[in-house]
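Within every chain, numbering begins at 1; the chains are lettered A, B, ... in the order of the sequence lines, protein sequences first and strands thereafter.
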Amino acid sequence: MIGFQLEMKTNKNMTNQELVQLFEALAAALKIKKADLFRTLAYERAAASIIHSEVEIKELWQQGKLTTLPAIGAGIAQHLDELFRTGKVKHFKEIFSGLPEAMFVLLAIPGIGPKTAYKLCQLLGIRKSHNAVKKLAKAAQDQEIRRLEGFGKESEQDILRGIKELNRLNTGRMLLPKALIISQELVDYLQKDKNTLKVESLGSLRRRCATIGDLDLGVASKNPAKTIAWLVKYKKIKQVLAQGSKKASVILFSGHQVDVRAQSPASFGALLQYFTGSKLHNINLRLLAKEKGLSLSEYGIKMVQDLEGKVQRFSNEQRFYNFLGLEWIPPVLRENQGEIQAAAKQQLPQLVNLGDIKGDLHLHSDFNTETSHDLGQSSFKAIIEQAISLNYQYIAFSDHSPSVSRHSSQEVVEMIKKRKDYFEQKISSNEKLLKKRKLKVLVSLEIDILSDGKLAIPEKAFAWLDFAIVSVHSSFRLSRTAMTKRVIKALTSHPKIKILGHPTGRILNQRQGYQLDWPEIFDCCLKEKKFLEINAFPDRLDLPEGLIKQAISRGVGLSINTDSHDVKNLSNMIYGVYTAQRGWAEPKDIINTLPWEQLKPILGIK
DNA sequence: GCCGTTTTCGGCCCGACTGTTTTCAGTCG
């Protein structure tokens, strides 16, 4: 977790995010108190496990299933039970006793760990959390820190830089496309050096996570030290944070931190594996290795028994996994969601790829539907030309429904009929081209789900639609029960409604999305033959991967759509595909991998 | 404090880099 205040205070209704902060704070406190190292590690693992949980921990508690979560055993389960019953945990209070609350705020500053945070609070007399960062910044500016024992001029500067970095982190992580662009420029630069043999992204970027913190790159190099020397000459570097013979950390003028690791080509496969993570994936891979008497590192694999410590090196990652008796695991799957077990049984999914996508069912055109939402920017013509260049077999114009507050029900019907006539006319005037390029154009609509679950268009208007998407665009704060009822009511209110658009409503870095009872939504989709969207817009990526995996395991079909509001957004499809891959999706799980003739009956089109 | 299809006890990942040190502790990934 970054940029958040770690939580010492507890209550009966703690969310997963708050619990993660609580457990990280507990681990930090245990480190100060020099508790058993492995007990500390256990709390850190519990925090990591909660981060990855798709269900609320409180719900698991209500169902008596706390210990089904990895890294939650009898001990922590008992503490959580006390927490959810009484809002307090006696044992946690003891762990925190005697520690200043301010130190847990300072921990959010990069470069400051538990020991340093504690020491600074003690030596500078910082106790309260609300102004801790401010007080620390002032002490650093007043050059007080360099006079403290164990600190110096450099560490004082580090603290100031860290506080600046904290403010940047608080503004949110980078969206995936931006991270890809910035890293590509640096990849191009690194490839210009004659020592460079190969450059690859590492970490969350290589796993194609929705948001990225720092950028990590790995270089296979004939001379790692020279590669690092070449890197720090990159003209977009604002500051070199650390530089050694194998790695360097730098900050770019854009404010983003980049970590680069260089290694000889003979060990490049091991380096890729090691720094791609995720952390939990690697921990479990190492446990598996250990069972076989092997030890993994970024240099390769060695026999634990081998006193000479000879390391079996791997130039390629595939052989690294094979050596452990596993299929190569695609980076998008390395999130400790059962991929290691699946790889051992040769049962990894055959992931969906961009090339499998045969059409886009959620596009906004510039036809003015007099909606309260954003209109599309591009014309019919521009969009079909782009669809043709992507080799699509079908697209659907799914503009927003007309605003209900500004139109009578009769006006809405007329508007939708007018829109149908407009598209019919456009389709027929481009008939030759569409036929030649085998592109089917559908007239759909993205209909608002009103707060009571009614639709923003009257029943009559469906006559002018081939099918429809429904989405929530308002009243995000309903209770889970009310929201679930609302969505199910809307989804099942007409047979032409086929897809639930951006199902969680999340906007990355901006809002969390609303609460839904997912098992109920999945059941509804199965029973009523409805589909969930994987919205490929980079700040949505919605469904998130965890729910994709659950939906697939229940047999619910999905549709990856770009929700394009401009012709250039059609290329965002790849981000939806990455997200689908992270949710273990195969082509058979995604309805728009079907050729038109097979999709047609699924959408109920004759 | 967690975990186990050889274990219910005895393991638990480890190397790079930095700063302030005279040989190492703290942080990070």
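- Summarising the geometry, the separation between CG on A:Leu294 and P on B:dC13 is reported as 15 Å, rounded to the nearest angstrom.
- Across the P atoms, B:dC28 and B:dT20 are found 16 Å apart, a figure rounded to whole Å.
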Please write out the pairs of protein N or O atoms and N or O atoms of nucleotides 4-6 of chain B separated by less than 3.5 Å, giving the distance to one decimal.
none

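- With sequence neighbours left out, the salt bridge (charged side-chain N to carboxylate O under 4.0 Å, His left out) criterion links A:Lys138 to A:Asp142.
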Donor-acceptor pairs under 3.5 angstrom involving side-chain atoms of residues 275-283 of chain A: please list them, not counting sequence neighbours.
residue: A:Thr276; atom: OG1; partner: A:Arg206; partner atom: NH1; Å: 2.7
residue: A:Thr276; atom: OG1; partner: A:Leu272; partner atom: O; Å: 2.5
residue: A:Ser278; atom: OG; partner: A:His281; partner atom: N; Å: 3.3
residue: A:Ser278; atom: OG; partner: A:Arg334; partner atom: O; Å: 2.9
residue: A:His281; atom: ND1; partner: A:Glu339; partner atom: OE2; Å: 2.7
residue: A:His281; atom: NE2; partner: A:Tyr321; partner atom: OH; Å: 2.9
residue: A:Asn282; atom: OD1; partner: A:Gln273; partner atom: NE2; Å: 3.1
residue: A:Asn282; atom: ND2; partner: A:Tyr274; partner atom: O; Å: 2.7

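- With sequence neighbours left out, A:Arg127 forms a salt bridge (charged side-chain N to carboxylate O under 4.0 Å, His left out) with no residue at all.
- Nucleotides B:dA16 and B:dG11 are separated by 26 Å at their C1' atoms, to the nearest Å.
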Practice prompt. Would you give a per-nucleotide map of nucleotides 24-29 of chain B, 5' to 3', where B means the base has a protein non-hydrogen atom under 4.0 Å away, S means only the sugar-phosphate does, and - means neither?
Written response: --SSSB
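- The residue A:Leu37 sits apart from the nucleic acid: no heavy atom pair falls under 4.0 Å.
- One atom, CD of A:Gln78, and another, P of B:dG1, lie 10 Å apart when rounded to the nearest Å.
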Show every donor-acceptor pair shorter than 3.5 Å between a side-chain atom in residues 108-122 of chain A and any protein atom, with sequence neighbours excluded, or say none if there are none.
residue: A:Tyr118; atom: OH; partner: A:Gln122; partner atom: NE2; Å: 2.6

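- Taking the C1' atoms as reference points, B:dG29 lies 12 Å from B:dC13, given to the whole Å.
- B:dC17 and B:dT21: their P atoms are spaced 22 Å apart (whole Å).
- Within the nucleic acid shown, A:Asn282 has no heavy atom closer than 4.0 Å to any nucleic acid atom.
- With sequence neighbours left out, A:Arg147 forms a salt bridge (charged side-chain N to carboxylate O under 4.0 Å, His left out) with no residue at all.
- Distance CZ (A:Arg161) to P (B:dT18): 12 Å, rounded to an integer number of Å.
- Judged by Watson-Crick or G-U wobble contacts below 3.5 Å, the nucleotide B:dC14 has B:dG29 as its partner.
- The residue among A:Leu287 and A:Ala242 whose nearest nucleotide of DNA chain B is located toward the 5' end is A:Leu287.
- Positionally, the nearest nucleotide of DNA chain B for A:Ile72 lies more toward the 5' end than for the other of A:Tyr299 and A:Ile72.
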Polar atoms only, N or O, under 3.5 Å: list the protein pairs with nucleotides 19-22 of chain B and their distances.
residue: B:dG19; atom: OP1; partner: A:Glu154; partner atom: OE1; Å: 3.4
residue: B:dT20; atom: OP1; partner: A:Gly152; partner atom: N; Å: 2.4
residue: B:dT20; atom: OP1; partner: A:Gly152; partner atom: O; Å: 3.3
residue: B:dT20; atom: OP1; partner: A:Ser155; partner atom: N; Å: 3.3
residue: B:dT20; atom: OP1; partner: A:Ser155; partner atom: OG; Å: 2.8

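- Between A:Glu44 atom CD and B:dC13 atom P there is a gap of 11 Å when expressed in whole angstrom units.
- Residues A:Asn195 and A:Thr227 bring no donor and acceptor atom of their side chains to less than 3.5 Å of each other.
- Atom CG of A:Asn284 is separated from atom P of B:dC12 by 15 Å (rounded to the nearest Å).
- Below the 3.5 angstrom threshold, one finds no donor paired with an acceptor across the side chain of A:Arg45 and the base of B:dC2.
- Take A:Tyr189 and apply the ring-ring contact (aromatic ring centres under 6.0 Å, His included) test, not counting sequence neighbours, and it matches A:Trp230, A:Tyr234.
- Considering every non-hydrogen atom in both A:Ser49 and A:Pro70, the closest pair reads OG-O, 2.6 Å.
- Taking atom C1' on both B:dG1 and B:dT5, the two are 24 Å apart, rounded to the nearest angstrom.
- One atom, NZ of A:Lys246, and another, P of B:dT18, lie 13 Å apart when rounded to the nearest Å.
- Residues A:Ala74 and A:Thr67 share a closest heavy-atom pair of N-CG2, 4.1 Å.
- The glycosidic torsion of B:dT7 lies within 90° of 0, which places this base in the syn conformation.
- Residues passing the ring-ring contact (aromatic ring centres under 6.0 Å, His included) test with A:Tyr578: none are found, sequence neighbours excluded.
- Within the 4.0 angstrom heavy-atom criterion, only backbone atoms of the sugar-phosphate kind lie near A:Ser245; the bases stay farther away.
- Applying the salt bridge (charged side-chain N to carboxylate O under 4.0 Å, His left out) test to A:Glu586 and every residue at least two apart in sequence or in another chain returns A:Lys588.
- Here B:dG1 presents its C1' atom at 7 Å from CZ of A:Arg39, a figure rounded to the nearest Å.
- Nearest heavy atoms, A:Cys209 versus A:Glu335: SG-OE2, 3.9 Å.
- B:dT18 and B:dT23: their C1' atoms are spaced 15 Å apart (whole Å).
- Atom CD1 in A:Ile95 sits roughly 10 Å away from atom C1' in B:dG1 (whole-Å rounding).
- If you check B:dG1, B:dG15, B:dC13 against the side chain of A:His79, the one that comes closest is B:dG1.
- Nucleic acid contact class of A:Ala74 (heavy atoms, under 4.0 Å, all strands): sugar-phosphate only.
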Quiz: residues 29-47 of chain A side-chain donor-acceptor pairs under 3.5 angstrom, not counting sequence neighbours:
residue: A:Lys31; atom: NZ; partner: A:Glu44; partner atom: OE2; Å: 2.8
residue: A:Lys33; atom: NZ; partner: A:Glu94; partner atom: O; Å: 3.2
residue: A:Lys33; atom: NZ; partner: A:Ile95; partner atom: O; Å: 2.9
residue: A:Lys33; atom: NZ; partner: A:Ser97; partner atom: O; Å: 2.6
residue: A:Lys33; atom: NZ; partner: A:Ser97; partner atom: OG; Å: 3.4
residue: A:Asp36; atom: OD2; partner: A:Arg39; partner atom: N; Å: 3.3
residue: A:Arg39; atom: NH2; partner: A:His91; partner atom: NE2; Å: 3.2
residue: A:Thr40; atom: OG1; partner: A:Asp36; partner atom: O; Å: 3.1

